[in-house]
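The shown structure was predicted, so the numbers you read here are calculated from the model rather than taken from an experiment. By convention in this document, chain letters (A, B, ...) are assigned in the order of the sequence lines, proteins followed by strands, and residues within each chain are numbered from 1.
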There are 2 protein chains.
Amino acid sequence: MNTNSAEILREKGISPSVQRVAIYDYLMTHFTHPTVDEIFKDLSPSIPTLSKTTIYNTLTLFLEHGLIDSFTTDDNTAHYDGNVQSHAHFQCSQCGEIYDIPMPKTEAPQLEGFEINGMKVFYYGICEKCRKKEI
Amino acid sequence: MNTNSAEILREKGISPSVQRVAIYDYLMTHFTHPTVDEIFKDLSPSIPTLSKTTIYNTLTLFLEHGLIDSFTTDDNTAHYDGNVQSHAHFQCSQCGEIYDIPMPKTEAPQLEGFEINGMKVFYYGICEKCRKKEI
DNA sequence: TATAAAAATTGTAATCGTTACAAAATTAAA
DNA sequence: TTTAATTTTGTAACGATTACAATTTTTATA
Ligand SMILES: [Mn+2]
Ligand SMILES: [Mn+2]
Ligand SMILES: [Zn+2]
Ligand SMILES: [Zn+2]
């Protein structure tokens, strides 16, 4: 347990329970865009009483405070991302892995009267690993 | 029922059943990014025996042939789009409506060894209609 | 046209991610 | 310590999607 994580949560007015700190720590060290299930599987051994509901609640709480990001892939599961800096994603259609990639430079869209608060960019294709397997 | 739709399906090697033509027609005249449920509700009156399974099967078939596009929003429902030309989307966080917007010009990302086949761009914010309500 | 085979549709049940909710446990306040 | 507030937990409910077998429709063959 990282004492720094507890401090960051406290700064946001979130009391740093064991579960919350564990989940936050997890996302700050695993930039694999995990699902709730993956977080649960990985944290369960060290927190045997951990409930999935707590993970859902905690992630929603973190999202509301802008501590993390999330996105939903076409397999209808939410993925969570401890990296809140602007970046895009690439998902391999073969192995499903989601890679971080730099956010491409774009000109702001002309949307008269619309207020834009965020943007998500997703690329699809075949990753290097899978392309090498194909040969 | 549009005879042209049937022809387009036939060209792709898809036998144009009543159901398939109706679903294709629907998507070619309703660019509202409907869900399966919305398609079902709208087509049920004219095709009373229509089954949701058929809609799911048909949409998957159309997707495989590149006749339509789809995307999943954060409420974990798939939306379907008869417009397969390159464009981006804007979802209003207030009313949930999804707008078509022009695809912003971007430089291709530098991904050594990766094969890029597609790109999805999603903007979030408040739409004009909702902003006017706020005042 | 009659018959058989193939394709498409349907309805129901199962699955899976997520949410609702109330009880139990923990923490903070008085 | 006693009480109140917060957090966690487990179970049940929910909703979108998928699996699957039966039925219907279409196509091919004789
Ligand atoms: Mn990321
Ligand atoms: Mn669109
Ligand atoms: Zn891959
Ligand atoms: Zn709106």
Side-chain angles (χ1 to χ4, degrees), chain A residues 1 5-6 9-10 12-26 33-65 67-68 70-81 91 96 98, chain B residues 1 5-7 9-10 12-26 33-65 67-68 70-81 96 98:
Chain A
M1 151 161 162
S5 292
L9 297 184
R10 226 181 308 251
K12 290 278 183 180
I14 298 170
S15 45
S17 69
V18 173
Q19 293 86 341
R20 287 169 175 172
V21 171
I23 293 165
Y24 187 75
D25 270 354
Y26 183 83
H33 315 99
T35 63
V36 166
D37 229 63
E38 287 162 352
I39 298 171
F40 180 76
K41 281 197 175 68
D42 284 355
L43 294 184
S44 271
S46 51
I47 310 175
T49 63
L50 184 64
S51 151
K52 264 187 199 173
T53 300
T54 297
I55 300 178
Y56 278 106
N57 291 341
T58 301
L59 292 170
T60 302
L61 187 71
F62 289 174
L63 281 171
E64 284 165 0
H65 284 84
L67 287 168
I68 61 172
S70 76
F71 54 84
T72 303
T73 47
D74 286 348
D75 63 344
N76 299 306
T77 48
H79 294 257
Y80 297 88
D81 197 341
Q91 182 166 39
I98 297 161
Chain B
M1 151 161 159
S5 292
E7 196 43 51
L9 296 185
R10 226 181 310 251
K12 290 278 184 180
I14 298 170
S15 42
S17 68
V18 173
Q19 293 86 343
R20 286 170 177 173
V21 171
I23 294 165
Y24 187 74
D25 270 354
Y26 183 83
H33 315 98
T35 63
V36 166
D37 228 64
E38 287 163 352
I39 298 171
F40 180 76
K41 281 197 175 69
D42 285 354
L43 293 184
S44 271
S46 49
I47 311 175
T49 62
L50 183 64
S51 152
K52 264 188 200 171
T53 300
T54 297
I55 301 179
Y56 278 107
N57 291 341
T58 300
L59 292 170
T60 302
L61 186 71
F62 290 174
L63 281 171
E64 283 165 0
H65 285 84
L67 286 167
I68 61 171
S70 76
F71 53 85
T72 303
T73 45
D74 285 349
D75 61 345
N76 297 309
T77 48
H79 295 257
Y80 296 87
D81 196 342
I98 297 161

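Checked for salt-bridge contact, A/Lys41 and A/Glu38 miss the test: no charged N lies under 4.0 Å from a carboxylate O.
Each of B/Thr60, B/Thr53, B/Ile55 was evaluated against B/Asn57; a single residue qualifies, B/Thr53, per the side chain to side chain contact (heavy atoms under 4.5 Å, CB included) test. Of the residues B/Thr72, B/Asp75, B/Thr77, B/Asp74, the one that meets the side-chain hydrogen bond (donor to acceptor under 3.5 Å, both in side chains) test with A/Thr72 is B/Asp74.
Counting heavy atoms from C-beta on, the side chains of B/Ile23 and B/Leu43 come closer than 4.5 Å.
Between B/Tyr56 and D/dT17, a side-chain N or O to OP1/OP2 separation shorter than 4.0 Å is present.
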Any protein N or O atoms within reach of nucleotides 3-5 of chain D? Criterion: under 3.5 Å, listing atom names and distances.
none

Scan nucleotides 7-10 of chain D against the protein and return all N/O pairs shorter than 3.5 Å with their distances rounded to 0.1 Å.
| from | atom 1 | to | atom 2 | distance (Å) |
| --- | --- | --- | --- | --- |
| D/dT7 | OP1 | A/Ser15 | OG | 2.5 |
| D/dT7 | OP1 | A/Arg20 | NH1 | 3.1 |
| D/dT8 | OP1 | A/Ser17 | OG | 2.2 |
| D/dT8 | OP1 | A/Gln19 | OE1 | 3.3 |
| D/dT8 | O3' | A/Gln19 | NE2 | 2.9 |
| D/dT9 | OP1 | A/Gln19 | NE2 | 3.3 |
| D/dT9 | OP1 | A/Thr49 | O | 3.1 |
| D/dT9 | OP1 | A/Thr49 | OG1 | 2.8 |
| D/dT9 | OP2 | A/Ser51 | N | 3.2 |
| D/dT9 | OP2 | A/Thr54 | OG1 | 2.9 |
| D/dT9 | O5' | A/Thr49 | O | 3.2 |
| D/dG10 | OP2 | A/Thr49 | O | 3.4 |
| D/dG10 | O6 | A/Thr53 | OG1 | 3.0 |

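Atom P of nucleotide D/dT17 and atom CZ of B/Phe40 are separated by 14 Å, given to the nearest angstrom. For the pair B/Ile55 CD1 and D/dT17 C1', the interatomic distance rounds to 13 Å; values are reported in whole Å. Residue A/Asn76 contributes atom CG, which lies 11 Å from atom C1' of D/dT18 at whole-angstrom precision.
Within the structure, salt bridge (charged side-chain N to carboxylate O under 4.0 Å, His left out) pairs that include any residue of residues 49-60 of chain B comprise B/Asp37-B/Lys52 (at least two apart or interchain).
From the 5' end on, the contacts that DNA chain C makes with chain B at under 4.0 Å to a non-hydrogen atom open and close at C/dA8 to C/dT18.
No side-chain donor-acceptor contact under 3.5 Å links A/Thr54 to the backbone of A/Leu50. Using modelled atom types, one side-chain atom of A/Arg20 and one backbone atom of A/Ser15 make a donor-acceptor pair closer than 3.5 Å.
The CD1 atom of B/Ile68 sits 9.0 Å away from the CG atom of B/Leu61 when rounded to the nearest 0.5 Å.
By the ring pair (Phe, Tyr, Trp, His ring centres under 6.0 Å) test, A/Phe62 pairs with A/Tyr24, sequence neighbours left out. Checked against ring pair (Phe, Tyr, Trp, His ring centres under 6.0 Å), B/Phe71 has the following partners two or more places apart in sequence or in another chain: B/His33, B/His79, B/His89, B/Phe122.
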